[in-house]
Amino acid sequence: MTRHFLNLSDAGGDAIAAMLNDAQDRKAKRKGWPKGAADADIPLAGHVLAMIFEKNSTRTRVSFDMAIRQLGGTSILLEAGAMQLGRGETVADTARVLSRYVDAIMIRTDDHSKIEELAHHAEVPVINGLTDLSHPCQIMADLLTVIEHGKALPGLEWAWLGDGNNVLHSIVEAAGLMKFNVRVGVPQGYDPDPSFADIARARGSQVLLTRDAMEAARGADVIVADTWISMGQAHAEEKLKAMMPYQVTEELMALAKPDAKFLHCLPAHRGEEVTEGVIDGPQSLIWDEAENRLHAQKSVLLWALGQLG
Ligand code: CP
Ligand code: NVA
């Protein structure tokens, strides 16, 4: 069976734990090495990753490119607009053709149904580099970052403040798989897709939806924010206004546990979803979080290509 990574549940809790362990090991082993040097075991020597982008990216693009290089493989960058996909070739035909050339495909796109269709027709693993529905690779990096900073995942209280978006969906999915709880502070009209919370609850996690930012933040171990306007969404003053009470401020952080950590997938908008004092302050882990995209995705690639879990 071809291993696709469209959502975290495709791997499951045990495989995610194995990936997070592998990521920590690999990261430790290459400490201080030049960034372009391959890991000693070059586990993906000879492998090629195609990276398709239908939306902008800095972190996903560079971290996947470096990830495959460090594993001994190479990448091909495909901007969707320059592909025949951009002028109407079907997703299915694109999947069939790319499967004849490369060993894995990473795609960033809009509708989640597109990545499902790509995976359905691909004979090689397809990895989700963000869709409008979810961002599982981001959350692999977030989990790694939280663990690295001394917090074991089971029983943690995560708080989300802001829009009910793709990143939140993957956090809620991770909660069910890795046994932590999430309190979601989101304004009316911007709720997340309830199916993620339903599944997480069925897996034993507590997922609280509240309109009260303080209730979400109180006693939290981890506080997470993201842009209020995601890629592809219209910039609406009305939305920014509704989101303002959910801005992560120093006052809100003070309600969390004293050793609480702040996460943000980036890019950030200082003064909107988070104050400068918080995102650039001592509780913020954003640079480790960004770096960990690389380390976590190496393990995702190894899992997808059958070398882990
Ligand atoms: N966090 C994240 O996915 O960043 P990019 O949009 O820069 O890839
Ligand atoms: N929610 C954001 C995440 C960016 C990495 C977006 O979809 O634009």
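Each ligand, and each atom within it, is numbered from 1 in the order the structure gives.
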Counting from 1 in the order shown, the ligand 2 atoms closer than 4.0 Å to a non-hydrogen atom of T227 are 2 (C)
Give yes or no for whether the N/O distance cutoff of 3.5 Å, strictly under, is met between L130 and ligand 1. no
The protein heavy atom nearest to atom 2 (C) of ligand 1 is R293 NH1, 3.2 Å
* Should Q138 and L130 count as side-chain neighbours, where that means a heavy-atom distance under 4.5 Å? -> no
L266 near ligand 2, heavy-atom distance under 4.0 Å? yes
*Would you say H120 has more than 12 foreign heavy atoms packed within less than 6.0 Å of its NE2?*
no
Please tell me if the side chains of W33 and K31 come closer than 4.5 Å, counting only heavy atoms from C-beta onward. no
Notebook entry, point to check: With a 3.5 Å cut-off and no angle check, do the side chains of R69 and S75 form a donor-acceptor pair?
Noted result: no
Exercise. Are any of the side-chain nitrogens in E148 or K27 under 4.0 Å away from the carboxylate oxygens of its partner?
Worked result: yes
Decide, yes or no, whether a salt bridge links R30 with D25 under the criterion of side-chain N to carboxylate O below 4.0 Å. no
protein heavy-atom neighbour closest to atom 6 (O) of ligand 1 works out as R108 NH1, 2.8 Å
Within 4.0 Å of some non-hydrogen atom of T58, the atoms of ligand 1 are 5 (P), 7 (O), 8 (O)
Under 4.0 Å from one or more heavy atoms of C265, ligand 1 contributes atoms 1 (N)
Aromatic ring pairing W158/F180, orientation class (parallel under 30°, perpendicular over 60°, tilted between): parallel
Residue, atom and distance of the protein heavy atom nearest atom 8 (O) of ligand 2 read M231 N, 2.8 Å
Mind checking whether S230 has an N or O less than 3.5 Å away from an N or O of ligand 2? yes
TODO: Verify whether one side chain among T109 and E54 offers a donor that lies under 3.5 Å from an acceptor in the other.
DONE: yes
L266 to ligand 1, any heavy atom closer than 4.0 Å:
yes
Logged contact type for L130 with ligand 2, heavy-atom cut-off 4.0 Å, is side chain
For atom 3 (C) of ligand 2, the closest protein heavy atom turns out to be D226 OD2, 3.7 Å
Nearest heavy atom to atom 7 (O) of ligand 2, choosing from N165, D132, T58, N166, belongs to N166
Margin query: Counting neighbours of CG on D14 that are heavy atoms of other residues, nucleotides or ligands and sit closer than 6.0 Å, is the number greater than 12?
Written below: no
If you scan protein heavy atoms around atom 4 (O) of ligand 1, the nearest is R59 NE, 2.8 Å
inquiry  = So that I can tick it off, tell me whether R61 and E79 are bridged by a salt bridge, with the cut-off set at under 4.0 angstrom between side-chain N and carboxylate O.
reply    = yes
For H135, the atoms of ligand 1 under 4.0 Å from one of its heavy atoms are 2 (C), 3 (O)
